[in-house]
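Counting starts at 1 for both ligands and their atoms, in listed order. This chain uses plain numbering: 1 for the first residue, then up along the sequence.
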Amino acid sequence: MDFDRLTERIKDINPAIDLHCFKEIDSTNTYAYYLGQQKYPEWNIVFAEIQTAGKGRLNRKWYATRGKSLLFSILLRPQIPAEDVQLLSLFMGEITRQALQNYLHSGNLSGFSLQTKWPNDIYLNGRKLAGILIKTAISSKKFDFVVAGIGINVNQNAQDFPEEIRHSATSLLREFGKDFSLEEIFTQIIRQLYEAWPDFIRFPQNILPIWKKNTLYLHQRIRVHHFDSIVEGTFVDVNAHGHLIVRNENGVLEVLSGDIAGESAC
Ligand code: BT5
């Protein structure tokens, strides 16, 4: 990866965006969090070719392959209530989904299904293509800063994935049978996130109707892995904070975080 060229392309979007590039790092999220603590302004972005300790939620791992995965974290300082953190997750997922879709359409690719999955995944043709990890620093119910880490499988083939995720994960290469440019995809995503950001900060709830158009399992029976228990029911909606609303025989439940799966997949 030519880091100078990548930086130039990102500066073309807006000179205020600062890019920190690494050939190898433990986790881009950890470094971006450190930048947040050091009072760096928002839109400092950490980009890495590979991570030695890539993280998912709840201490899970994020697997990647050098030169074949996109791995980056964005430092943000949103002036929205901290209770709307889930809206930020939905915003990141939906705008990244749109950017990927635009990129694929511009390459004349069609006939695929690219969807978000509450709260923070992107699925391509039914398998996980990308994951988003949001880490916050909050004081007095406001965000001091937020780190949004995004991992996308681009050019991995089946053998590049560890056995445990070989069937549940996919990459652009696996679905379309060709290589894609990490640089182009990254630039497109940052451009769309940067351009959509001011509106999101002004009216965070406006992301909800847009997000609902392309999300998996809405109005379907699901199981939610919610901490140590499993809740079953129909995914009827998300509320104004982006929390999941599930209806079942016992009533209506509000789920703040967790993992969802279609009933047959559990
Ligand atoms: C996520 O967590 O999906 C968030 C992943 C965020 C990764 C980015 S990369 C840049 C930044 N720096 C970091 O250290 N992290 C962020 P979660 O929903 O908990 O999903 C994790 C689970 O997804 C794992 O337990 C595996 O089952 C599966 N998984 C791991 N790597 C995968 C991959 N490359 N593709 C698809 N699934 C994967």
- Query: At a 4.0 Å threshold, what atoms of ligand 1 neighbour a non-hydrogen atom of Asn153?
  - Reply: 33 (C), 34 (N), 35 (N), 36 (C)

- Message: For Glu163, is there an ion pair with Arg166 - N to carboxylate O distance below 4.0 angstrom?
- Response: yes

- Can you name the residues that form a ring-ring contact (aromatic ring centres under 6.0 Å, His included) with Phe22, not counting sequence neighbours? Tyr31

- Query: Do other residues, nucleotides or ligands put more than 12 heavy atoms under 6.0 Å from the CD atom of Gln79?
  - Reply: no

- Message: Quick check against the 3.5 Å criterion: does Trp118 have a side-chain atom that pairs as donor or acceptor with the backbone of Gly242?
- Response: yes

- Query: Near Ser27, which atoms of ligand 1 are under 4.0 Å from a heavy atom of that residue?
  - Reply: 12 (N), 13 (C), 14 (O)

- Query: Is the ring centre of Tyr34 less than 6.0 Å from the ring centre of Tyr40?
  - Reply: no

- Ile132 neighbourhood, listing ligand 1 atoms whose heavy-atom distance to it stays under 4.0 Å: 4 (C)

- Item | Nearest neighbour of atom 7 (C) of ligand 1 from the list Tyr63, Tyr33, Trp62, on a heavy-atom basis | Trp62

- Hey, is Gly54 one of the residues with a heavy atom under 4.0 angstrom from ligand 1? yes

- Item | Summary of side-chain hydrogen bond (donor to acceptor under 3.5 Å, both in side chains) pairs that have at least one residue in residues 246-261, sequence neighbours excluded | Arg57-Asp259, Arg60-Asp259, Asn239-Glu254, His243-Glu254

- Side chain, backbone, both or neither: Gln51 near ligand 1, heavy atoms under 4.0 Å: side chain

- Query: If you count the atoms of ligand 1 from 1 in the order shown, which ones are under 4.0 Å from a heavy atom of Asp121?
  - Reply: 3 (O), 18 (O)

- Tyr63-Phe161 aromatic ring centre distance below 6.0 Å: no

- Query: For Arg57 and ligand 1, does the shortest N/O to N/O distance drop below 3.5 Å?
  - Reply: yes

- Query: If we only count N/O pairs under 3.5 Å, is Thr28 in contact with ligand 1?
  - Reply: yes

- What atoms of ligand 1 come closer than 4.0 angstrom to any heavy atom of Phe72? 10 (C)

- Lys23 NZ/CZ over Phe3 ring centroid, <6.0 Å and within 45° of normal: yes

- Query: For Leu71, is the nearest heavy atom under 4.0 Å from an atom of ligand 1?
  - Reply: yes

- Message: Could you report the tightest heavy-atom contact between Phe235 and Leu216, atom names first, then the distance?
- Response: CE2-O, 3.7 Å

- Query: What do we get for Ile165 next to ligand 1 when only non-hydrogen atoms under 4.0 Å count, side chain, backbone, both or neither?
  - Reply: side chain

- Answer with yes or no after comparing the ring centroid distance for Phe47 and Phe72 against a 6.0 Å cut-off, counting only values under it. no

- Side chain, backbone, both or neither: which part of Lys55 has a heavy atom under 4.0 Å from ligand 1? both

- In the protein, what heavy atom is nearest to atom 36 (C) of ligand 1, and what distance, to one decimal place, separates them? Ala169 CB, 3.4 Å

- Task: Looking only at protein heavy atoms, identify the closest one to atom 23 (O) of ligand 1 and say how far it is in Å.
- Result: Lys128 NZ, 3.5 Å

- Query: Honestly curious: do Leu109 and Leu70 fall in one hydrophobic cluster under the side-chain, below-4.5 Å linking rule?
  - Reply: yes

- Task: Considering only non-hydrogen protein atoms, determine which one is nearest to atom 25 (O) of ligand 1 and report residue, atom name and distance to 0.1 Å.
- Result: Arg60 CD, 3.4 Å

- Task: Can you pull out the closest protein heavy atom to atom 24 (C) of ligand 1? Residue, atom name and distance to 0.1 Å, please.
- Result: Lys61 O, 3.4 Å

- Counting heavy atoms only, which part of Ile150 comes closer than 4.0 Å to ligand 1: side chain, backbone, both or neither? backbone

